[in-house]
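One structure is given here, and the rest of the page talks about it.
Each chain gets a letter, A, B and so on, in the order its sequence line appears, and its residues count up from 1.
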Number of protein chains: 2
Amino acid sequence: MGVKERRAREKEQLRQQILSAARELFVNEGYENVSMRKIANKIEYSPTTIYLYFKDKTDLLDSVCKETLLNLLNTLEQLKRNNTDPVETLRKSGRAYIEFGLKYPQDYKLTFVTRPQFQQGLGLDEGSVGEKVFNYLREMVSECIQQQIFQQVDVETTGQVMWSAVHGVTLLLIDFPDFPWTEKDKLIDTVIHTTIEGLKA
Amino acid sequence: MGVKERRAREKEQLRQQILSAARELFVNEGYENVSMRKIANKIEYSPTTIYLYFKDKTDLLDSVCKETLLNLLNTLEQLKRNNTDPVETLRKSGRAYIEFGLKYPQDYKLTFVTRPQFQQGLGLDEGSVGEKVFNYLREMVSECIQQQIFQQVDVETTGQVMWSAVHGVTLLLIDFPDFPWTEKDKLIDTVIHTTIEGLKA
DNA sequence: TGTTATACTTAACAGTGTTAAGTTAAATGA
DNA sequence: TCATTTAACTTAACACTGTTAAGTATAACA
């Protein structure tokens with residue numbers, strides 16, 4: 001009875017093949033500039049085959065994004081383990097978050113900007129990866145407050161302020177690559193530093 | 001010799017007609033979901049006529065956004081006149097910026113998120129309206145630094161940090177209306193306050 | 001070996017942005 | 001007033017897009 005298992009394995013393999021071909025093209029050429037035919041060409045199947053594995057183009061992108069968001073969550077979780085100072089952890093988390101956005105701008109924009117516009121509240125629904133990411137932020141902030149490092153005692157507001165800052169700088173750097181920004185690393189550090197100092201004051 | 005003038009006037013009129021039809025459709029249905037044929041239908045001209053007035057679809061988007069930016073600039077400039085305390089002016093400017101974004105969310109996203117995606121690195125070029133808006137921010141920040149209120153002395157970095165914060169919270173509020181935000185006014189005030197305090201520290 | 005189910009492809013539809021060529025009507029000059 | 005020029009606008013087409021209904025070939029099963 002190993003036939004069905006082998007078949008399922010083969011199917012999963014092709015699914016992954018499609019997914020990674022799509023990711024590579026999305027990242028390199030931008031979601032809008034990648035057609036289903038292009039993806040099909042890359043994996044040497046007909047375009048319609050993709051539809052046997054994914055509902056449509058947005059479903060494909062959705063799957064790509066989910067993977068990368070899980071990646072982000074992973075990166076953040078690891079950070080938490082190797083640190084004891086809550087402020088330092090928050091600082092590093094902020095950096096990791098921004099760097100993730102800059103590394104996968106398409107995925108970031110889709111999840112946090114594009115999708116919610118056309119599909120209300122996606123990305124942050126209960127049980128979604130997006131929600132888990134924000135829960136992580138809540139935890140980080142909560143520790144800073146518990147240790148009475150922050151003046152502001154409201155976990156929600158504090159988290160949202162932090163999120164605004166990192167979200168803002170991430171999108172600006174993505175969307176206006178030609179703007180004469182301060183040296184990128186300095187800007188990121190200053191944004192995080194300013195926000196944390198502001199929360200302390 | 002009034003013929004040429006009348007013709008020019010008529011041409012300008014149609015240009016404006018196209019522009020406002022495009023804005024309405026872009027805002028209501030999203031840039032991607034609006035075709036040149038749809039715009040043409042709305043104004044009851046053939047699709048190709050649009051190309052006599054605008055180079056291509058992104059040029060149309062560009063012109064729509066320029067109008068929006070002029071609007072924003074106007075709002076901000078008015079603020080400046082009625083204030084003497086630089087920090088207070090900066091605070092109010094930040095508020096006005098965010099409120100503008102929330103009042104015209106689609107226009108804001110079109111200008112600061114959609115447009116840069118489709119037209120690399122524009123809007124902030126020399127002489128552009130976008131540049132003027134950022135110059136306004138530079139001015140506000142510069143006064144705070146000159147009066148030695150801010151610790152950070154780099155006008156550019158300081159301005160960019162400020163922009164990141166207001167841009168971030170504006171987009172989050174627009175894109176995730178169902179998220180359990182802190183009361184909106186409190187969140188906005190806290191974001192601005194935190195950033196300014198962080199820059200003082 | 002014949003039947004059924006699975007995996008994949010072909011061909012097509014309705015739509016897109018954009019352009020070259022053609023048409024119509026108004027302005028101009030004799 | 002009438003032919004000519006010029007400007008405004010349209011028609012038809014191209015090469016693409018996402019997506020689907022219908023068809024084919026092959027592997028699995030009885």
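The distance from atom CD1 of B/Ile18 to atom C1' of D/dA8 is 12 Å, rounded to the nearest whole Å. In this structure, A/Leu52 atom CG and C/dT9 atom P are separated by 9 Å, rounded to whole Å. Atom CD1 of A/Ile43 is separated from atom C1' of C/dC8 by 11 Å (rounded to the nearest Å). Counting to the nearest Å, the C1' atom of D/dT26 and the CD atom of A/Glu10 are 13 Å from each other. Regarding A/Arg37, its CZ atom lies at a distance of 14 Å from the P atom of C/dT9, rounded to whole Å. Following rounding to the nearest Å, A/Phe54 (CZ) and D/dT20 (P) show an atom-to-atom distance of 16 Å. One atom, CD of B/Glu32, and another, C1' of D/dT17, lie 13 Å apart when rounded to the nearest Å. Here the C1' atom of nucleotide C/dT16 and the CD atom of B/Glu29 are 15 Å apart, to the nearest Å.
Relative to the side chain of B/Lys57, the nucleotides C/dA11, D/dT11, C/dG17 differ in distance, and C/dG17 lies closest. Candidate nucleotides C/dT18, C/dA12, C/dA7 were compared by shortest atom distance to the side chain of A/Lys11, and C/dA7 ranks first. Nearest nucleotide to the side chain of A/Tyr51, out of C/dT10, D/dT20, C/dT18: D/dT20.
Salt bridge annotation for B/Arg91-B/Asp189: absent, with no cationic side-chain nitrogen under 4.0 angstrom from a carboxylate oxygen. The residues A/Arg95 and A/Asp185 are annotated as salt-bridged, a charged nitrogen and a carboxylate oxygen being separated by less than 4.0 angstrom. In this structure, B/Glu12 does not pair ionically with B/Arg9, as no charged nitrogen and carboxylate oxygen lie closer than 4.0 Å.
Within 4.0 Å (heavy atoms only), B/Tyr45 reaches sugar-phosphate atoms of the nucleic acid but no base atom. Looking at heavy-atom distances under 4.0 Å, B/Ser35 makes contact with sugar-phosphate atoms alone, never a base. Counting non-hydrogen atoms under 4.0 angstrom, A/Thr49 reaches a base of the nucleic acid. Within the 4.0 angstrom heavy-atom criterion, only backbone atoms of the sugar-phosphate kind lie near B/Leu14; the bases stay farther away. Counting any heavy atom pair closer than 4.0 Å across all strands shown, B/Tyr53 reaches sugar-phosphate atoms only and no base atom.
Remark on DNA chain C: of its neighbouring residues A/Thr48 and B/Lys55, the 5'-side contact belongs to A/Thr48, judged by nearest-heavy-atom nucleotide.
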Problem set entry | Intermediate values then yes/no, ring pair (Phe, Tyr, Trp, His ring centres under 6.0 Å), B/Tyr108 and B/Phe112 | CA-CA 6 Å; B/Tyr108 186 83; B/Phe112 289 107; 4.6 Å; yes
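For the residue pair B/Ser93 and B/Tyr136, a side-chain donor N or O sits within less than 3.5 Å of a side-chain acceptor on the partner.
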